[in-house]
Amino acid sequence: MNPLRSTLAQATRVAIRSGRRAEARPTFSPISLHRSAFLSSRGYADVPSPPPSGPSGPNSAPDAQQRRARDQANVGPFTWKAAALFIATGVGLYFYFESEKAAVMERRRAELASKSIGKPQIGGPFQLTSAQDGRIFTEKDLLGKWTLIYFGFTHCPDICPEELDKMGDAIDMVDKKIGKEGVMPVFITVDPARDSLPQVKKYIREFHPRMIGLVGDYEAVKNTCKKYRVYFSTPPDATATDDYLVDHSIFFYLMDPLGQFVDAFGKATTADQVAEKVLDSMSKWDAAGGNAVAGVPLPEASRS
């Protein structure tokens with residue numbers, strides 16, 4: 001090896017080693033040495049410098065995760081399930097409030113109708129014949145009494161007997177409750193061609209002992225049904241020997257001692273409900289002063 005080249009290589013290695021030792025050795029400026037000495041004399045330790053911040057800092061990843069967790073906690077987890085539940089709840093509330101609104105409007109319409117229209121005009125003058133004694137019976141014979149009136153016919157297979165049984169049961173309940181005869185039951189035939197006086201008299205005995213049966217010719221029955229808003233389909237030229245069916249209204253009326261309409265009871269109404277309504281109407285009538293205050297005239301039968 002060339003002695004000169006060997007000497008240069010050795011010098012280079014020495015310089016490199018010296019530079020590395022210089023980089024590894026800490027350097028202190030006179031100001032930093034004076035500051036350290038001052039803090040040590042005061043009992044303070046050197047305050048470590050904060051770690052670098054920013055995207056390249058060691059805490060950048062945990063900080064990002066904490067921010068995401070905090071944002072999610074403030075907003076809440078949003079999933080398709082939560083969205084569907086929110087929409088379903090909103091739709092349910094909408095229909096609920098719409099139904100409540102419709103119910104309120106319907107109640108208002110009913111109240112307005114009751115105030116503006118009042119009770120229907122049911123009842124009025126009529127003239128028929130009593131099956132009990134054959135005398136003339138008019139609307140004036142109803143005055144001073146609570147009355148239940150049913151329109152039917154003796155050949156009715158099932159509906160008429162059922163309704164008349166119900167009427168009789170309700171009357172017995174009322175009598176028992178008030179301790180006297182409180183209601184007069186009335187049966188008016190809508191089949192004048194076949195329902196004779198003896199036929200009606202025999203028929204009504206099966207339902208209540210106080211029941212009054214009324215018969216008339218076709219025009220008299222038609223006029224009475226018209227006054228009481230009752231439908232019937234008896235042929236006007238029918239005879240007793242004809243075979244035909246009669247369709248008619250199947251409710252019965254409660255009339256007060258002035259002969260005014262109070263309520264109507266259909267097939268779905270029970271005897272208990274009828275009796276309850278009758279007793280309630282009687283109680284209100286008596287509380288208002290009864291027949292004396294209402295100026296109820298005496299019935300025709302009481303005058304004669």
Peer 1: Could you report the tightest heavy-atom contact between I204 and G213, atom names first, then the distance?
Peer 2: CD1-N, 3.4 Å

Peer 1: In terms of side-chain heavy atoms, does D242 have a donor or acceptor partner in T239 at a distance below 3.5 Å?
Peer 2: yes

Peer 1: State whether K176 and D172 are salt-bridged, where the test is any N-O pair (Lys NZ or Arg NE/NH1/NH2 against Asp/Glu carboxylate O) under 4.0 Å.
Peer 2: no

Peer 1: With a cut-off of under 6.0 Å to the ring centre and 45° to the axis, is R229 in cation-pi contact with F251?
Peer 2: no

Peer 1: Tell me the closest heavy-atom pair linking Q132 and K201, and the distance in Å.
Peer 2: O-NZ, 3.6 Å

Peer 1: Please examine the side chains of L142 and I149, heavy atoms only from C-beta on, and report whether any two atoms are closer than 4.5 Å.
Peer 2: yes

Peer 1: Name all residues meeting the side chain to side chain contact (heavy atoms under 4.5 Å, CB included) criterion together with D217; count only those two or more places apart in sequence or in a different chain, and write none if there are none.
Peer 2: E219, A220

Peer 1: Do you know the tightest heavy-atom contact between P192 and G216?
Peer 2: CB-O, 3.0 Å

Peer 1: Would you mind telling me which of Y231, Y228, F153 makes a ring pair (Phe, Tyr, Trp, His ring centres under 6.0 Å) with H248?
Peer 2: F153

Peer 1: Crowded around K222 NZ? As in, over 12 foreign heavy atoms under 6.0 Å?
Peer 2: no

Peer 1: So F252 and Y150, would you call those rings parallel, tilted or perpendicular, with 30° and 60° as cut-offs?
Peer 2: perpendicular

Peer 1: Measuring from E162:CD to D165:CG, what's the distance to the nearest 0.5 Å?
Peer 2: 8.0 Å

Peer 1: Please list, one pair per line, the donor and acceptor atoms closer than 3.5 Å that link side chains of residues 177-189 to other protein atoms, with sequence neighbours excluded.
Peer 2:
from: T189; atom 1: OG1; to: D191; atom 2: N; distance (Å): 3.1
from: T189; atom 1: OG1; to: D195; atom 2: OD2; distance (Å): 2.4

Peer 1: For a quick test of reading the model, state the closest non-hydrogen atom pair linking P161 to P157 and the distance between them.
Peer 2: CG-O, 4.2 Å

Peer 1: Side chains of W146 and V174: closer than 4.5 Å at any heavy-atom pair?
Peer 2: no

Peer 1: Same cluster or not: are F265 and M167 linked, directly or through other Ile, Leu, Val, Met, Phe, Trp or Tyr residues, by side-chain heavy atoms under 4.5 angstrom apart?
Peer 2: yes

Peer 1: How long is the gap from OH on Y218 to CZ on F232, to the nearest 0.5 Å?
Peer 2: 4.0 Å

